[in-house]
Amino acid sequence: MPIGTPSNWHLDAIFYQVYVRGFQDSDNDGIGDLNGLISRLDYLQQLGVTCLWLMPILESPLRDDGYDVSNFLAIDPTIGSVADFERLTKAAHARKLKVITDLVVSHTSAEHAWFQDAKRGPESAYYSYYVWSNDDKKYADARIIFNDVEDSNWAWCSSAKQFYWHRFFAHQPDLNYATSEVQEAMLANMRFWLERGIDGFRVDAVPYLFEREGTTCENLPETHAFCKRMRQLINDHYPDCILLAEANQWPEELIEYFGRGDEFHMAFNFPLMPRIYMSVKQEDRGPIVDILERLPAVPAGCQWATFLRNHDELTLEMVSDPERDYMVESFANEPRMRLNRGIRRRLAPLMDNDRRQIELLYSILLSLPGSPVIYYGDEIGMGDNIYLGDRDGVRTPMQWSSDRNAGFSQADRSRLYQPINIDAIYHYQAINVDSQLHAPASLLNWLKMMLHARVSHRAFSRGDITFLDASNRCILALTREWCGEIALVIHNLSKLPQPTHLDLSRYQSLVPHQLLGMHRFPAITRDPYFIILSPYASLWFLLQQPSPSPEA
Ligand code: BGC
């Protein structure tokens, strides 16, 4: 067991979210697998990401794409084996890539052996692993998360002749964390994978572990207490591993998941994500600045995970009702683009495939505090397919090349787990890794350059942030400072060229050098710094001491 001082690698990481089933098929059954992923590690290393987050890979009936686990100690046979997983972590580590996977803690699949046995009723040793009731009236204040498909958090079990509790699909019964056996079993599951070389977990659906009458059954103190137990396990035996919380909550509740540095190392910044889109749509920095000013500082050793898109709908739970209406109207004018309380579209279609806006969103993401998480395929601007069910439209096969099945699989096209995108704009022959690698000005090459620039300067990952009071609200200007390194980033959120004055007087006499290319801008003086940005442009600078002479 590796014991030592944590290296805090997560503070400077760039995550890449891999949907293993959709990434690369190595055995031509039409489904991506671990061996396929291994064959693509060189690509990921060159992209410049530093940690892979694998979506669920454990045995599952796949009624929620693996978020319905039927065996916590086995890899789903369609994806590979435990031995493949160990090979993957070794191969990734050899390329200095970390690997984390989803740990689905709050529920199991109804097909899990525990639930199958529990259904026998109170005489089963596993009955207490789940939450049962004679009626469906308890915990009435808990919201329904998948409100498009479920109308209650209770489902009837005809065999136990009782209702069981579920926060997601009815086929995902919630585990009963009030039972110590459940807590111990989940800690044992963690240990099993930690011993196999994993670098941590993205812990799924964290807020819902406990239930208590008269509450929303979210963020309860009991839930935090169990999260601290998970952290203790990491601290005691695997100190270089991390826990990343999926807690889709308002800032005040979300920040609690860091504890005092004794709970999660990281948490997704759900409140920030929709506000990045809102700021760009409204051409106003307000939504971004307001939410970041409202978010308390994270404890030392902790870090946000920031993101633009993921495998779920673009969730709009952490915005007000009018803001949600505005987002839906702006980004999802067709009913099929909507799901639950969100929008099931990928980054490029959300931005109308406008390269300038896509770059702007990435630029904003990379300039803000937190470790960015890139969703597979969004580095090349893949499209979505809103005519597929549930969230499948944002999980179509990775587009590697213009070859058969986009280079994803050699299987018959009809065997693929999901159809490849062949729509007019996002067709795999137009949007694929291969062609973008060969086009110097492609989105992929641009992003690679930006990621390399970001990881080379810790001001972006660890630095304090200060928003500058630009005279023009279309301008989002900020500095990041860390150990004497000062970065200045200016974004134009508008579709028009925009002028602005910036008060940079505290940096008087320093010279802005463009981060890429080190081209020099005029030195900063006591006067307001005047600058004009072209539509949706971002300027990235390091502020440096003037050199003795222009030639030096
Ligand atoms: C995951 C979803 C999943 C749900 C239930 C989430 O929060 O991100 O994809 O459907 O948990 O496990």
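Order of appearance sets the numbers: ligands from 1, and atoms from 1 within every ligand.
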**Q** Any atoms of ligand 1 less than 4.0 Å from a non-hydrogen atom of Asp64? List them with their elements.
**A**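 Answer, ordered by atom number: 3 (C), 4 (C), 5 (C), 10 (O), 12 (O).
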**Q** Which of the numbered atoms in ligand 1 are below 4.0 angstrom from a heavy atom of His107?
**A** 5 (C), 12 (O)
**Q** For Asp312, counting its heavy atoms only, list the atoms of ligand 1 lying under 4.0 Å from any of them.
**A**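 Taking each heavy atom of Asp312 in turn, ligand 1 has 1 (C), 2 (C), 8 (O), 9 (O) under 4.0 Å.
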**Q** Could you tell me, atom by atom, which parts of ligand 1 come under 4.0 Å of a heavy atom of Phe168?
**A**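 Listed by number with element, the hits are 4 (C), 5 (C).
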**Q** Mark up the atoms of ligand 1 that fall under 4.0 Å of a heavy atom belonging to His311, in ascending order.
**A** 1 (C), 2 (C), 8 (O), 9 (O)
**Q** For Ile386, does its backbone N or O pair with a side-chain atom of Arg336 as donor and acceptor, under 3.5 Å?
**A** yes
**Q** So is Met55 close enough to ligand 1, meaning a heavy atom under 4.0 angstrom away?
**A**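 False for this residue.
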**Q** Say whether, by atom type as modelled, one donor and one acceptor occur between the side chain of Ser124 and the main chain of Asp117 under 3.5 angstrom.
**A** yes
**Q** State the atoms of ligand 1, each with its element, that fall below the 4.0 Å cut-off from a heavy-atom position in Arg391.
**A**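 Listed by number with element, the hits are 2 (C), 3 (C), 9 (O), 10 (O).
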**Q** Do me a favour and list the nearest non-hydrogen protein atom to atom 6 (C) of ligand 1 with residue, atom name and distance?
**A**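 For atom 6 (C) of ligand 1, the nearest protein heavy atom is Asp204 OD1, 3.1 Å.
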**Q** Quick check: does any side chain N or O of Asn235 sit under 3.5 Å from a backbone N or O of Gln232, one acting as donor and the other as acceptor?
**A** no
**Q** At a non-hydrogen distance cut-off of under 4.0 Å, which region of Arg63 contacts ligand 1 (side chain, backbone, both, or neither)?
**A** neither
**Q** Any chance you could lay out the side-chain contact (heavy atoms from CB on, under 4.5 Å) test for Val298 and Ile255, step after step, and finish with the verdict?
**A** CA-CA 7 Å; Val298 299; Ile255 196 78; 4.2 Å; yes
**Q** Could you establish whether Phe146 and ligand 1 come within less than 4.0 Å of each other, counting only heavy atoms on the residue side?
**A** yes
**Q** Less than 4.0 Å between a side-chain N and a carboxylate O, is that true for Asp392 and Arg395?
**A**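 So Arg395 does not pair with Asp392 through a salt bridge.
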**Q** Can you tell me if Arg391 has over 12 outside heavy atoms packed within less than 6.0 Å of its CZ?
**A** yes
**Q** With sequence neighbours excluded, what pairs up with Glu181 under the salt bridge (charged side-chain N to carboxylate O under 4.0 Å, His left out) test?
**A**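 None.
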**Q** Using a 4.0 Å heavy-atom cut-off, say whether Tyr208 meets ligand 1 through its side chain, its backbone, both or neither.
**A**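 For Tyr208, there is no contact with ligand 1 at all, from either part.
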**Q** Can you pull out every salt bridge (Lys or Arg N to Asp or Glu O under 4.0 Å) where at least one residue sits in residues 253-265? Sequence neighbours excluded, please.
**A**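 Salt bridge (Lys or Arg N to Asp or Glu O under 4.0 Å) check on residues 253-265 returns Lys228-Glu263.
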